[in-house]
Amino acid sequence: MSQDVFGEEFWDERYGADDRVWSGRPNPQLVDRVTGVTPGRALDVGAGEGADAVWLARRGWDVTAFDVSRVALDKVRAHAVDAGVADRVTCHRVDLATWIGEPAAYDLVSAQFMYLDQPGLTTLYRQLGAAVAPGGRLLLVGHHPVDERHGSHDFPDVRWTPEDAAAWLDADDWASIDTATVQRQGHLGTMHDGIVEAVKRSG
């Protein structure tokens, strides 16, 4: 299996093939978990076409959007302009397979459905945890192993259980680590999202 599916060229081609690849709506677990949280600095990891970033910015968050695809980030910028929140969304092309992290930089770090194989995914989640500021929140959402592989491409298996993903974090760093599995209706039918929501210790 080629690792090109994790790289810039693959995702540029995919995002360039259609005006809209995703629904344009924010991820439901982000909406469920972050609605009502006091806004601050947010990192949207794997921002795609920007639905999550724009949703956060509309609610007062200052958002940094990461994606490996320049084509995707062009869409994020355009959607932020259309939504009137361009001043609250900053885009950076980042290869998460080689990203070295930004310690304690964000009040919210959200990573929804990361297409990165092991051991890179475990390393990334630990780095994302380190990027959460004291008292801040980490939200990880991924495809649960109870489902078959999703999508039209033959990706390596990037599914995980929330219990496994929670174990990749250093428990001593967190005031709480909550796990859940939630059903939702997707374009392939009933799907299961694994969720890890962790709150950093304040000091």
Side-chain angles (χ1 to χ4, degrees), residues 5-99 101-102 105-116 121 124-125 127-128 131-132 136-143 150-153 155 158 184-188 191 193 195-197:
V5 297
F6 300 121
E8 178 181 10
E9 183 177 353
F10 175 89
W11 289 104
D12 277 351
E13 181 178 345
R14 187 171 188 191
Y15 282 116
D18 293 291
D19 288 340
R20 177 172 287 176
V21 175
W22 309 120
S23 69
R25 298 185 296 272
N27 280 295
Q29 310 311 338
L30 175 74
V31 174
D32 180 60
R33 299 285 176 142
V34 178
T35 294
V37 175
T38 301
R41 301 157 298 170
L43 176 61
D44 180 17
V45 187
E49 294 168 312
D52 286 2
V54 167
W55 183 85
L56 288 165
R58 280 175 164 165
R59 282 147 187 82
W61 293 85
D62 292 314
V63 185
T64 298
F66 279 3
D67 206 281
V68 72
S69 169
R70 288 182 173 87
V71 176
L73 292 174
D74 285 344
K75 293 184 176 186
V76 175
R77 294 185 184 96
H79 293 166
V81 169
D82 290 344
V85 294
D87 60 330
R88 288 193 174 274
V89 179
T90 303
C91 296
H92 294 287
R93 198 204 77 80
V94 175
D95 182 352
L96 293 170
T98 59
W99 183 61
E102 299 175 78
Y106 301 97
D107 303 299
L108 169 68
V109 174
S110 172
Q112 309 269 332
F113 306 105
M114 294 291 95
Y115 284 90
L116 192 64
L121 188 63
L124 173 63
Y125 282 174
Q127 289 171 329
L128 294 180
V132 178
R137 189 176 308 261
L138 175 68
L139 180 61
L140 307 175
V141 181
H143 295 301
H150 296 295
S152 59
H153 301 279
F155 288 107
V158 295
R184 64 179 171 85
Q185 293 302 309
H187 66 284
L188 297 176
M191 302 165 73
D193 292 344
I195 304 168
V196 177
E197 184 179 14

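- Put simply, the side chain of Asp107 never gets that close to the backbone of Gly136: no donor and acceptor are under 3.5 Å apart.
- Contacts of Arg77 classified as side-chain contact (heavy atoms from CB on, under 4.5 Å), with partners at least two apart in sequence or in another chain: Leu73, Asp74, Cys91.
- With rounding to the nearest 0.5 angstrom, the CD atom of Glu49 is 9.5 Å from the CG atom of Asp67.
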Intermediate values then yes/no, side-chain contact (heavy atoms from CB on, under 4.5 Å), Leu128 and Trp99: CA-CA 10 Å; Leu128 294 180; Trp99 183 61; 3.4 Å; yes

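- Using cut-offs of 30° and 60° for the angle between ring planes, the His143 and Phe113 rings count as tilted.
- The CZ atom of Phe66 lies 10.5 Å from the OG1 atom of Thr90; values are rounded to the nearest 0.5 Å.
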For residues 53-65, run the donor-acceptor check on the side chains, cut-off 3.5 Å, and write out each pair with its distance to 0.1 Å, sequence neighbours left out.
from  : atom 1 : to    : atom 2 : distance (Å)
Arg59 : NH1    : Trp55 : O      : 3.0
Asp62 : OD1    : Arg88 : NH1    : 2.9

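- Distance CG/Leu30 to CG/Leu108: 7.0 Å, rounded to 0.5 Å.
- Listed by chain and number, the residues in a side chain to side chain donor-acceptor pair (under 3.5 Å) with Asp193 are Gln29, Arg184 (sequence neighbours excluded).
- For the side chain to side chain contact (heavy atoms under 4.5 Å, CB included) criterion with Val45, the lone passing option out of Gln127, Gln112, Met114 is Met114.
- Side-chain atoms of Asn27 do not come within 3.5 Å of backbone N or O of Asp52 as any donor-acceptor pair.
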